[in-house]
Protein chains: 2
Amino acid sequence: MARRGGASRVTIRDVARVAGVGVATVSRVLNGDPAVAAATRERIYAVMAQLGYQPLRTARALSRRRTDAVLVVLPLLTRFFYVEILRGIEEALLETNIAFLLRSLERPADGSQAIASVRRDLVDGVLLISLAVTPAWLARLERERLPAAVADADQDVPLPRIVVDHAAGARLAVRHLAQLGHRRIALIDRPDDPFAEKRISRRLLGYRQALQELGLELRTEYEHVTPFSVEGGTMGLYSLMQLPVPPTAVFVGSDTQAWGVLRAARQLGLEVPRDLAVVGYHDIEIAELLGLTTVRVPMRVIGRRAAQLLLECLSGRLARGEEVVEWVTPELIIRYSCGARRREPGTGGVGE
Amino acid sequence: MARRGGASRVTIRDVARVAGVGVATVSRVLNGDPAVAAATRERIYAVMAQLGYQPLRTARALSRRRTDAVLVVLPLLTRFFYVEILRGIEEALLETNIAFLLRSLERPADGSQAIASVRRDLVDGVLLISLAVTPAWLARLERERLPAAVADADQDVPLPRIVVDHAAGARLAVRHLAQLGHRRIALIDRPDDPFAEKRISRRLLGYRQALQELGLELRTEYEHVTPFSVEGGTMGLYSLMQLPVPPTAVFVGSDTQAWGVLRAARQLGLEVPRDLAVVGYHDIEIAELLGLTTVRVPMRVIGRRAAQLLLECLSGRLARGEEVVEWVTPELIIRYSCGARRREPGTGGVGE
DNA sequence: GTGTATAGTGGAATCGGTTCCACGCGTCAA
DNA sequence: TTGACGCGTGGAACCGATTCCACTATACAC
């Protein structure tokens, strides 16, 4: 039933007719089937070019039962950290012809709504970034028979995943501070937000491990959990400095909070790093501007690898249910707030 | 030809059979055709619920020749400004069942590659955000017969668009500074980046208009264009302060540069706002932390409106080629860096 | 020379929707 | 009573790909 349309599309049948072959053969060429004779293949390629043929994605999608698209779900798109991960994903997917749909979660409640948008007929796979992968998620993925990969989430999710070694990151920071002569090193970290993943426990673990290794005293009054905001950091430092024996150095679980710590330090008349050494976490863009020594989490790499993992699931190179865990290790970025370096004049910096 | 698959899907034919009607009628119900009798409609709804029927997107896409997806193209996803616009778009689209694909441009060269991904069989429409809409873009959209909407781009693109009144924004800032008693008001703005759109000229225009309205002297040595970065702002202020008659206030064309201005001020021993009043632009997240008075560009609104504009094109409510221009006006956010308010102790702030 | 494997190919059914066209049936004007 | 009309509906032909199955021609073993 010829519906009205403009100049009707060049279809696979047109190509077949002009090339003097059957549609099946054209389709085989399109899909790289090696059974086609080289001469035939060449001829078909020539005709396709001549007619300007392009296979229709929607028709392929119906026939092959796949969409060549994936869904990316991540929280708080407005945070630099997540945007960078997204960039990594985009980079990896650009090398394929797979498109991606995006769903960002702003509030915890968005989760269930997002789960409903996970549909087999919409995408071929799902990337879950920095999310608490609940049983509801797993059930949905199972029901829709959708492969998924996970990045920066809990360590024990039964899906292929990229795990960030936050404990190692914390150890790097603490060891560095100890090496600079500090013996009283405190921790200010973000809360165990149910909306994000349980990452504090691993950073806390690394912090304690490092202190023990170094033979330093573990003091619970040095472990502070404050909100994931600049003010949170400010509050944290005020509390710490009221202790009878205040720390001389702080490892802060996010650069955002670290900014607050730097501000509080100045308000308290402390000079960073002389009176207080500070090391942050993440290496978001403001860290450099603040001259903040921090632990860099390789965000783009995380995104890229997670995408590649999902692609392997899609191509079948990775069997469904196969256990794959890839670790990513953070890296120490030394700037000025720790005291390891003299600040160069005019570069702006600490406490700005 | 029954291909292998798991439990085969519930199709429209199953629904028709169980409900005792033809497939055409079920399809009509799905598409809200009022010609179907109420009783029939009810019965079909019941059967759909009972069987757990969900129409297959890919099949609809092939048949209706539309994908129910749109493409969003924007630059520099890592900038807060653009991410916020994206959030607005997402908000608007969530209210529909239209998905979106994302393409972000990091370098000017990415443009041509992005143009190639604009395909009729991939999406039903395109949103171009903060981009220079070149003839190549327009030609491609024409060729693919794809409707598009534009936000925060040149004023004279022949597409439905959301235009931000940057001239008005600049006037707000300058008038405010004048009202606080300033007579020597300088401008530091970002360059006319070919990668982004020509927005500086409009801000510059507003700056000059305001000065003229107020009867203040226009001095070209007060108009500075520096890179779109913190350092750019720093450089800008150093230059201004070396003038024989330096300004007492600066309007800065981006909060990022304004941060640099605040930093430079402190380095020069100037106290903000006593010795120098500063007003920024955009109201990105750091502005509040810096106590920066700024001109807020309603980013989410821009995204939301642009998306709605595109939806109107898709639904046909907006005729192809119809001229629609919607203006968005920025708003002045008064904090501390302009001197209009005393800073409350403990709130952090200027020069931080 | 006959049988069998194999490489290369074409026809037609199929994926699951949409929509054109035809048709039955009541209502109403002539 | 008849014809026109419109409402509600069903059948079947599409949309443009993929892929199963059947078929031919050639190569090879016996």
Side-chain angles (χ1 to χ4, degrees), chain A residues 1-44 47-48 51-68 97 119-122 124, chain B residues 1-44 47-48 51-68 97 119-122 124:
Chain A
M1 186 161 307
R3 290 89 167 263
R4 282 278 12 149
S8 68
R9 262 190 97 80
V10 178
T11 75
I12 199 172
R13 268 168 259 268
D14 298 321
V15 175
R17 187 167 34 71
V18 174
V21 297
V23 287
T25 303
V26 178
S27 177
R28 282 190 267 264
V29 169
L30 277 178
N31 294 287
D33 187 328
V36 179
T40 313
R41 182 191 315 280
E42 291 311 313
R43 184 149 40 93
I44 291 174
V47 172
M48 292 196 310
L51 300 183
Y53 170 75
Q54 271 210 318
L56 190 75
R57 279 181 83 107
T58 49
R60 299 192 91 183
L62 175 58
S63 211
R64 304 204 299 172
R65 282 120 168 243
R66 40 185 280 201
T67 57
D68 286 328
N97 72 334
R119 292 176 46 179
R120 170 95 250 182
D121 62 341
L122 190 65
D124 300 333
Chain B
M1 187 161 310
R3 289 89 168 267
R4 281 278 14 149
S8 68
R9 263 191 96 82
V10 177
T11 74
I12 199 172
R13 270 167 256 266
D14 297 322
V15 175
R17 189 167 34 73
V18 174
V21 298
V23 286
T25 304
V26 179
S27 177
R28 286 187 192 103
V29 170
L30 277 179
N31 295 287
D33 186 329
V36 179
T40 313
R41 182 193 314 281
E42 291 310 316
R43 186 150 38 91
I44 290 175
V47 172
M48 293 198 305
L51 299 183
Y53 170 75
Q54 272 210 317
L56 191 75
R57 277 181 84 109
T58 48
R60 300 193 93 184
L62 175 59
S63 211
R64 304 203 298 173
R65 282 120 168 246
R66 41 186 279 203
T67 58
D68 285 330
N97 70 335
R119 292 176 47 180
R120 170 96 253 185
D121 61 343
L122 190 64
D124 299 334

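Quick note: numbers below take in every heavy atom, side chains included, and nothing from hydrogens, waters or symmetry partners. Per chain, numbering begins at 1; letters A, B, ... match sequence-line order.
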(message) Does D:dT18 have OP1 or OP2 under 4.0 Å away from a side-chain N or O of A:R60?
(response) yes
(request) Establish, with yes or no, whether the OP1 or OP2 oxygen of D:dC14 is under 4.0 angstrom from a side-chain nitrogen or oxygen of B:S63. (result) no
List the atom of [X], the atom of [Y], and the distance in Å for their closest heavy-atom pair.
| X | Y | value |
| --- | --- | --- |
| A:R60 | A:P55 | CD-CB, 4.1 Å |
| B:A16 | B:V23 | CB-N, 3.8 Å |
| B:D14 | B:R9 | OD2-O, 3.6 Å |

(request) Could you tell me whether the side chain of B:D33 and the main chain of B:A35 form a donor-acceptor pair under 3.5 Å? (result) yes
(request) Scan residues 25-38 of chain B against DNA chain D and write down, sorted by residue number, each residue with any heavy atom closer than 4.0 Å; if none is found, say none. (result) B:T25, B:R28, B:A35, B:V36, B:A37
(message) So if I apply the side-chain contact (heavy atoms from CB on, under 4.5 Å) rule between A:I44 and each of A:V29, A:L30, A:V18, which one comes out positive?
(response) A:V29
Rounded to whole angstroms, how far apart are [atom1] on [X] and [atom2] on [N]?
| X | N | atom1 | atom2 | value |
| --- | --- | --- | --- | --- |
| A:D68 | D:dA17 | CG | P | 14 Å |
| A:R13 | D:dA13 | CZ | P | 15 Å |
| A:I12 | D:dC14 | CD1 | P | 18 Å |
| A:R41 | C:dA7 | CZ | P | 14 Å |
| B:L62 | C:dC15 | CG | P | 14 Å |
| B:I44 | D:dG8 | CD1 | C1' | 11 Å |
| A:R17 | C:dG10 | CZ | C1' | 16 Å |
| B:R43 | D:dT9 | CZ | P | 8 Å |

(request) Looking at every strand, decide which applies to A:T58 at a 4.0 Å heavy-atom threshold: base, sugar-phosphate, or nothing. (result) nothing
(message) Any base atoms under 4.0 Å from B:V21, or only sugar-phosphate, or nothing? Heavy atoms, all strands.
(response) sugar-phosphate
Choosing from [options], which nucleotide comes nearest the side chain of [X]?
| X | options | result |
| --- | --- | --- |
| A:R65 | D:dG8, C:dC15, C:dT9 | C:dC15 |
| B:Y53 | C:dT18, C:dG17, C:dC20 | C:dG17 |
| B:R9 | D:dA17, D:dG8, C:dG16 | C:dG16 |
| B:R64 | D:dA17, C:dT18, D:dC20 | C:dT18 |

(request) Under the side-chain hydrogen bond (donor to acceptor under 3.5 Å, both in side chains) rule, collect the residues that match up with B:R13, sequence neighbours excluded. (result) none
(request) For A:V23 and for B:G20, locate the closest nucleotide of DNA chain D by heavy-atom distance; then report the residue assigned to the nucleotide nearer the 5' terminus. (result) B:G20
(message) Within the 4.5 Å heavy-atom criterion, are A:R57 and B:T67 side-chain neighbours or not?
(response) no
